[in-house]
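The structure under discussion appears below in the form of structure tokens.
Values below: every heavy atom of this structure, side chains too, minus hydrogens, waters and symmetry copies.
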Amino acid sequence: MRSAFNNERYRGDMQLLEAKLHKIDRHNYRSYSSMRGEYHFVDFDFFIDTVQSDPFAPASRVRARRAWSLTDLEWLRGKSTDYQRAARDFIARFFADLSQQDNAVLIDMPGQTILDRTSVVFDDEGIELRFRINLPSDGRTIIAKKTLNLLTFYLPKMIRRATIARELPMDELQRHCEAVEDQVALRSQLKQHKLLAFVADGSLLPRIAGNSDLPLPDAIPFLSPDNLAVELEAPHKGKIRGMGIPEGITLIVGGGFHGKSTLLSAIERSIYDHVPGDGREYVVTNDAAAKIRAEDGRCVHNVDLSPYISNLPMGKDTTAFSSQNASGSTSQASWLQESIEAGAEALLIDEDTSASNFMIRDERMQALICKEDEPITPLVDRIALLRDQHNISVMLVMGGSGDYLDVADTVIQMHNYDAIDVTEKARAVVASHPTRRKQEGTEVIVHPRTRQINRSALQSMLEEGKFRIQVKDKTSLRFGREYIDLQALEQIAHSSQLLAIGYLWFQLAQTKGWEKNPSHAFAKMLHDNWADMMPKYGEMAKPRVIEVMAVLNRMRKAEFK
């Protein structure tokens, strides 16, 4: 119970809020700016941080904080950080369901992944909800009565329901949180068992459509082939049987439309945890796995491509290659090198989205074009060196080139969405049908060097007129005046990660010394209470260093040395 002093303070704040609204009733919309500030309700505090200048501008940012003693949820503070992350995610989803009744209230809406988000924060004082409000208007004229009703009647009901135990479906919250702890535990066992990924029996991998992350109803449940079956232990689910995909080089083969890319897609997205009922909640992948592909037209900044591309016409240097219009092969080689530089321990590649000349040069093409006239050393001749000399695992969806069978450690055939271990069969094929193509390239592959970022280039973008970091969806980020095209980055789970990436760059630009090893600097920021470095916005989610660097590498005005 709040003291009589606090109740008196609440009445004073409510009267102040009401007086402010009546004063600006029927005024121009910009008059809403006088609402900015802090207000104390009986059982929560309310903060109006930013106020939209126009009904069509981005909605106003607000926060509501409720003390632990008023929630009956203080027991969450004794749970693991992963349990708390899942609980915050669940509360955000519950609040989002409540706010659907009124389009004026908007919280960052999670998808099928459970990320570390800023929309709900647990701190020493209590639970804080961060969301947006579209303040009511008639055209560009303020309607005080409607706004007062929203802020003092409808909104408090939603805040109270989302932050008190008796209003939350506690059984569902517990299942949500335990599913995350199970996934974290499974993922932590991968290295112990020398696995790149694990796909539990009974998982439902297909999605409804290419533009939807929802599970396909009546999909064929996954079943591990016996030769690859392993059993991992989850703290809540217990022992779980499934397919363990070993470290090393794995090929996913099979006919078209049999589920090869579906399996790869599930694996690439399982660097993150999924909600119960998603079908992939017991699929886990090494969280340092990077999906790469060809990306015509992207920019490249001072990347050493010499292990894959050398002797370019006109003597162009490939040890420090730069381009504002990279080809398919140079873009994919760059992405590979950039990913390893950023800490990737595994590479995920689909033949369908790769540059064919980067992947393979067959016997006939070798006979037609001699090596001295071909600057590209294909991945098939470098992939074993990545494994053996740098401990980089590679998973390839491959349907068109049998030459990769020579270097594969594991071969999985997808047939009607069933997984079949055909590793021994593949070895027999290699023995009976030996390749006649010549091995290309050197016997050593150098680890990509660490590039420095020119911090002054980022600083200059901060000073270009009205500085902005804006995100509309997960395919584009605006930083200053530059719009960065990110359509090829398939492992970005949500647009809120991009907003966080923009502000991480903002921190890097202002911190001397961090430019010497940007990947290390971002790793430190993301490890050391990353959300405390961000503005108090509710629409941010924690990214991986791999994505922070992948987006930075696509900024055309970035400068690396």
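Within the structure, the salt bridge (Lys or Arg N to Asp or Glu O under 4.0 Å) test picks out the following pairs touching residues 272-289 (sequence neighbours left out): R85-D273, R187-D273, R207-D278, D213-R280, D278-R280. Pairs passing the salt bridge (Lys or Arg N to Asp or Glu O under 4.0 Å) check and including a residue from residues 109-119, sequence neighbours excluded, read R88-D116, D108-R117. Legend: ring pair (Phe, Tyr, Trp, His ring centres under 6.0 Å) pairs involving residues 188-215, not counting sequence neighbours: none detected. Screening residues 335-346 for salt bridge (Lys or Arg N to Asp or Glu O under 4.0 Å) gives K191-E345, R298-E338, E341-R451 as the qualifying pairs, with residues at least two apart or on separate chains. Under the side chain to side chain donor-acceptor pair (under 3.5 Å) criterion, no residue pair touches residues 501-511, with sequence neighbours excluded.
With respect to E539 and R130, no salt bridge is recorded, no charged nitrogen being found less than 4.0 Å from a carboxylate O. Ion pairing between a basic and an acidic side chain is recognised when a charged N comes within 4.0 Å of a carboxylate O; R175 and E178 show no such pairing. Ion pairing between a basic and an acidic side chain is recognised when a charged N comes within 4.0 Å of a carboxylate O; K536 and E128 show no such pairing.
More than 12 heavy atoms of other shown residues, nucleotides or ligands fall within 6.0 angstrom of atom NZ in K474.
Between I412 and M243 the shortest heavy-atom distance is CD1-SD, 3.9 Å. In terms of heavy-atom proximity, P543 sits nearest to A500 at CD-CB, 4.2 Å. The two residues E295 and D485 come nearest to each other via the heavy atoms OE2-O, 4.4 Å. Between M170 and W75, the shortest heavy-atom contact is CE-CZ2, 3.4 Å. Closest of all the heavy-atom pairs between N134 and A59 is OD1-CB, 3.4 Å.
Atom-to-atom distance recorded for F94:CZ and L168:CG is 5.0 Å, nearest 0.5 angstrom. Note that the OG atom of S60 and the CD1 atom of I133 stand 7.5 Å from one another [nearest 0.5 Å]. Once rounded to the nearest 0.5 Å, the distance linking CG of D296 with CD of Q332 reads 10.0 Å. The OG atom of S212 sits 3.5 Å away from atom CG of L214, with the distance rounded to the nearest 0.5 Å.
For H494, the side chain to side chain donor-acceptor pair (under 3.5 Å) partners two or more places apart in sequence, or in a different chain, are S496. For E268, the side chain to side chain donor-acceptor pair (under 3.5 Å) partners at least two apart in sequence or on another chain are K291. Not counting sequence neighbours, the partners of T163 by the side chain to side chain donor-acceptor pair (under 3.5 Å) test are R66. Taking D97 as the reference, Q100 meet the side-chain contact (heavy atoms from CB on, under 4.5 Å) condition, with sequence neighbours excluded. Considering only residues two or more places apart in sequence or on other chains, T410 meets the side chain to side chain donor-acceptor pair (under 3.5 Å) condition with none of them. Applying the ring pair (Phe, Tyr, Trp, His ring centres under 6.0 Å) test to Y83 and every residue at least two apart in sequence or in another chain returns nothing. Scored by the salt bridge (Lys or Arg N to Asp or Glu O under 4.0 Å) test, K557 finds E464 as partners (sequence neighbours excluded).
D473 and T475 form a side-chain donor-acceptor contact under 3.5 Å, judged by distance and modelled atom types alone. No donor-acceptor contact under 3.5 angstrom links the side chains of S80 and D82, judged on distance only. Side-chain atoms of E559 and H301 form no donor-acceptor pair, as typed in the model, at a separation below 3.5 Å. In the model, S224 has no side-chain atom that pairs as donor or acceptor with a side-chain atom of D201 under 3.5 Å. Side chains of Q324 and R556: a donor on one and an acceptor on the other come within 3.5 Å. A donor-acceptor contact under 3.5 angstrom links the side chains of S327 and T330, judged on distance only.
Relative to the ring axis of Y537, R61 places its NZ or CZ within 45° and under 6.0 Å from the centre.
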Salt bridge (Lys or Arg N to Asp or Glu O under 4.0 Å) evaluation trace for R293 with E490:
CA-CA 10 Å; R293 58 179 293 177; E490 299 174 57; 3.5 Å; yes

If you apply the rule salt bridge (Lys or Arg N to Asp or Glu O under 4.0 Å), what do you find for D124 with R77, and how did you get there?
CA-CA 9 Å; D124 291 340; R77 301 182 69 191; 3.2 Å; yes

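In this structure, R132 and Q52 have side chains that are not in contact, with every pair of non-hydrogen atoms separated by 4.5 Å or more.
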